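These notes concern the structure reproduced below.
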Amino acid sequence: MTTTPPSPNNDRSDDRNQTTAPVDFIRQIINEDNRTGKHAGRVHTRFPPEPNGYLHIGHAKSICLNFGIAAEYGGLCNLRFDDTNPTKEEQEYIDSIKEDVRWLGFDWEDREFYASDYFEQLYRWAVQLIRAGKAFVCDLTADQIREHRGTLTEPGKESPHRNRTVEENLALFERMRQGEFPDGSRTLRAKIDMAHPNLNLRDPVMYRILHASHHRTGDRWCIYPMYDWTHGQSDSIEQITHSICTLEFENHRPLYDWFVRELGIFAPRQIEFARLNLTYTIMSKRKLLRLVQEGHVSGWNDPRMPTIGGLRRRGYTPAAIRAFCSRIGIAKTESTIDVQLLEYCVREDLNRVAPRAMAVLRPLRVVITNYPDDQVEQLDAINNPEDPEAGTRQVPFSKVLYIERDDFMEDPPKKFFRLAPGREVRLRYAYFITCQEVVKDPATGEIIELRCTYDPATRGGDAPDGRKVKATLHWVAASHAVEAEVRLYDHLFTQPDPDDVREGQDFTVHLNPASLEVLEHCQVEPGLAGKPPEYCCQFERLGYFCVDADSTPDRPVFNRTVTLKDTWAKIQKKGQ
RNA sequence: UGGGGAAUAGUGUAACGGCAGCACGACUGACUCUGGAUCAGUUAGUCUAGGUUCAAAUCCUAGUUCCCCAGCCA
């Protein structure tokens, strides 16, 4: 019996089948650029997170896109931290982001960059724009700037400081850098057009004064560049050919292009695509933070969270997430993916690689009355029917067993195939048994034990006389069972769109009170004892489970990643 | 009432003037020592109204709906 967990599956053979995967509009643009020789066939992308939080499945879409494109076109993809706001960013997030990207199966080698590494260059470029009369130091307060900006339908007013001389601007900007002015007292602004219909071009702020310590540059700077003044130039410095971002930056593209053009530097092309939305969950960092802070989940890596850390702890594999990202497609239409597609992807992967095991979540005691009292047999069980090379293992069988409570009904409805009084079923890899007697607690009427007989001729699970049974049940021998805690997870929210709320409510009203059910006294086959965290397996007939970090050698803890498709559950649901 | 985007089965996504296809979901059936997997099948779509054309999801015109933008956030 093999005890090593299936390592995160980094076999990419299934990731993006060129013969079937549609060519999305971004790859079409790249194909066209390559056809016209725009960058001499060079393709260079980047994944540019701000290190102000943890990555989620939406980031995975972007990661797979950027790294995936680079790989397909024989290009490169940089990991760049957009760390221009020291008040929100921390080293901890950098570390976590790097771990998540790596876990997803991508490697940026030495192409790890930080916008903060470009601060000096950005400063020199700002001076260049000032000299060209394209930027000025503005003394307006934040409120005044807002008042001068105008509205969506009305033009703004020019700042009274807009026409300072180059010399005055140069001197003031230098003094800003030297720390002579307090936070918020001055900004450096691009001089564009206060009447522009695109508000981003109404003399946008390039630098703000922030006497804050930066996680990488320490106290070297007290002026920090804004996103718009940083991103395009960072892309340009890194010779990024295609700068892929999400739809909300469409309005920023004219400014991106303006800066790069005014500076006369290499011009990458910004391309926007629709971010990922998933049913029954939320993706907003701010809202996820509330779930953590208000204690609705145990932390950022709670198995119910859509974070990479949460999915990982839940038992999702990198291959499953990559396959998902490949299947959802890339487009500009805002859309919400059905979470069932994600679940399909993880089942598809785990079905192939996860070893099978028998585990009883809600045990019902079964005594085989005609089985010898002290006998124990070792029966052969197949580790993975999808993978012959996974081999077999032995599972112990004895007189007293546990089966799933759901697998017995005293008064079974028509389509219930499992055990019932007088009915014969198969115990997987073991024997046919017949239920002879139901023992109840005289006080509560609860069924506490089944007394069954077995047919010794059916050892291994087949009847020599060829008779059939309609059901095969999983089971665990009571004498050898290991007790485990199992955590059953369901959707975090009860509504497909948690943000669909009435006036005055917020998404928390749709929190699913049953998103976590903890089962304390589960019985699992002995081979499952001592498996390391993240070990994934299938509990036969129940679902895919993985060992949680809370697990200890004498008390395993499992998380349910996803259930198996359950036809019986569906029949039951319909009957209601 | 400004500007920028987007509308194709329930959900996503192709088709780029020439047979509306694929996946997930749902529903049948076959098979099965997992009511799993697998296999076979069914279901269901071009936002609206005009126009151009032999031919329109695709081009044109008008409209409708949805998303983004008024941070010294990214």
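We name chains A, B, ... by the order of the sequence lines, and we start the count at 1 in each one. These numbers come from a predicted model, not from an experiment.
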* To do: Mind listing the residues from residues 135-149 of chain A sitting with a heavy atom below 4.0 Å of RNA chain B? Number order is fine.
  => Leu140(A), Thr141(A), Ala142(A), Ile145(A), Arg146(A), Arg149(A)

* **Gap in Å between the two C1' atoms, one belonging to C22(B) and one to U46(B), rounded** => 16 Å

* Euclidean distance for C1', A57(B) against G18(B) (whole angstrom) -> 13 Å

* Asked: Do you see a donor-acceptor pair shorter than 3.5 Å between the side chains of Ser116(A) and Asp83(A)?
  -> yes

* Structure fact -> Taking Watson-Crick and G-U wobble contacts under 3.5 angstrom, with | marking pairs to another strand and [ ] crossing pairs, the secondary structure of RNA chain B is written .((((((..((((....[..))))((((((.......))))))...(((((..]....))))))))))).....

* Taking atom types as modelled, find out whether Asn52(A) and Glu89(A) have a side-chain donor-acceptor pair closer than 3.5 angstrom. => no

* Distance-only donor-acceptor test (3.5 Å): side chain Arg327(A), base U13(B) -> no

* Taking the same atom, P, in G4(B) and in G63(B), what whole-Å distance lies between them? -> 15 Å

* Asked: Strictly by modelled atom types, are Asp143(A) and Thr141(A) linked by a side-chain donor-acceptor pair under 3.5 Å?
  -> no

* Describe the nucleic acid contact of Asp462(A) in one word from base, sugar-phosphate, nothing, applying a heavy-atom distance below 4.0 Å. => base

* Side chain of Thr472(A) (C-beta onward), nearest among G3(B), G2(B), G35(B) -> G35(B)

* Asked: Glu89(A) CD to C73(B) P: how many Å, rounded?
  -> 11 Å

* To do: Verify the contact: side-chain N or O of Arg541(A) to OP1 or OP2 of G35(B), cut-off strictly under 4.0 Å; return yes or no.
  => yes

* Does Thr279(A) make a side-chain N or O approach to OP1 or OP2 of U11(B) shorter than 4.0 Å? -> no

* To do: Please tell me which of Thr151(A) and Asn85(A) maps to the more 5' nucleotide of RNA chain B, matching each residue to the nucleotide holding its nearest heavy atom.
  => Thr151(A)

* Under 4.0 angstrom, heavy atoms only, what part of the nucleic acid is Ser335(A) near: base, sugar-phosphate, or nothing? -> sugar-phosphate

* To do: Classify the side chain of Asn251(A) and the base of C68(B) as holding, or not holding, a donor-acceptor pair under 3.5 Å.
  => yes

* Asked: Expressed as a whole number of Å, how far does the C1' atom of U58(B) sit from that of G51(B)?
  -> 15 Å

* Asked: How far does the C1' atom of A56(B) sit from the matching atom of C69(B), given to the nearest Å?
  -> 34 Å

* To do: Looking at every strand, decide which applies to Leu427(A) at a 4.0 Å heavy-atom threshold: base, sugar-phosphate, or nothing.
  => nothing

* Asked: Between U11(B), A74(B), U13(B), which one does the side chain of Asp338(A) approach most closely?
  -> U11(B)

* Pairwise C1' distance for G2(B) and G10(B), with rounding to whole Å -> 37 Å

* Check whether the side chain of Glu386(A) and the base of G36(B) form a donor-acceptor pair under 3.5 Å. => yes

* Indicate yes or no for a side-chain donor-acceptor contact from Asp193(A) to the backbone of Arg202(A) under 3.5 Å, with no hydrogens or angles considered. => no

* Asked: Going by number, which of residues 197-212 of chain A have a non-hydrogen atom under 4.0 Å from RNA chain B?
  -> Pro197(A), Leu199(A), Val205(A), Arg208(A)

* Asked: Would G41(B) be called syn or anti, given that syn covers angles within 90° of 0?
  -> anti

* side chain to side chain contact (heavy atoms under 4.5 Å, CB included), paired with Leu427(A), selected from Trp475(A), Phe432(A), Tyr454(A) -> Trp475(A)

* Asked: Just how far is it from atom CZ of Phe539(A) to atom CG of Leu361(A), taken to the nearest 0.5 Å?
  -> 7.0 Å

* Asked: What does Gln538(A) touch in the nucleic acid at a heavy-atom separation under 4.0 angstrom: a base, only the sugar-phosphate, or nothing?
  -> base

Nucleotide N/O of nucleotides 15-20 of chain B paired with protein N/O under 3.5 Å:
| residue | atom | partner | partner atom | Å |
| --- | --- | --- | --- | --- |
| A15(B) | OP1 | Gln28(A) | NE2 | 3.4 |
| C16(B) | N4 | Gln28(A) | NE2 | 2.9 |

* Rounded P spacing from U1(B) to A15(B) in Å -> 34 Å

Give me the distances for all protein-to-nucleotides 40-42 of chain B N/O pairs that come in under 3.5 Å?
none

* Side-chain N or O of Tyr344(A) closer than 4.0 Å to phosphate OP1/OP2 of C24(B) -> yes

* Do you see a donor-acceptor pair shorter than 3.5 Å between the side chains of Glu540(A) and Gln538(A)? -> no

* Is there a donor in the side chain of Glu158(A) and an acceptor in the side chain of His148(A), or the other way round, less than 3.5 Å apart? -> no

* To do: With heavy atoms under 4.0 Å as the rule, sort Thr336(A) into base, sugar-phosphate or nothing.
  => sugar-phosphate

Produce the list of close N/O pairs, under 3.5 Å, pairing protein atoms with atoms of nucleotides 26-29 of chain B; give distances to one decimal.
| residue | atom | partner | partner atom | Å |
| --- | --- | --- | --- | --- |
| A26(B) | OP1 | Lys570(A) | NZ | 3.1 |
| C27(B) | OP2 | Lys570(A) | NZ | 3.4 |
| U28(B) | OP1 | Lys574(A) | NZ | 3.4 |

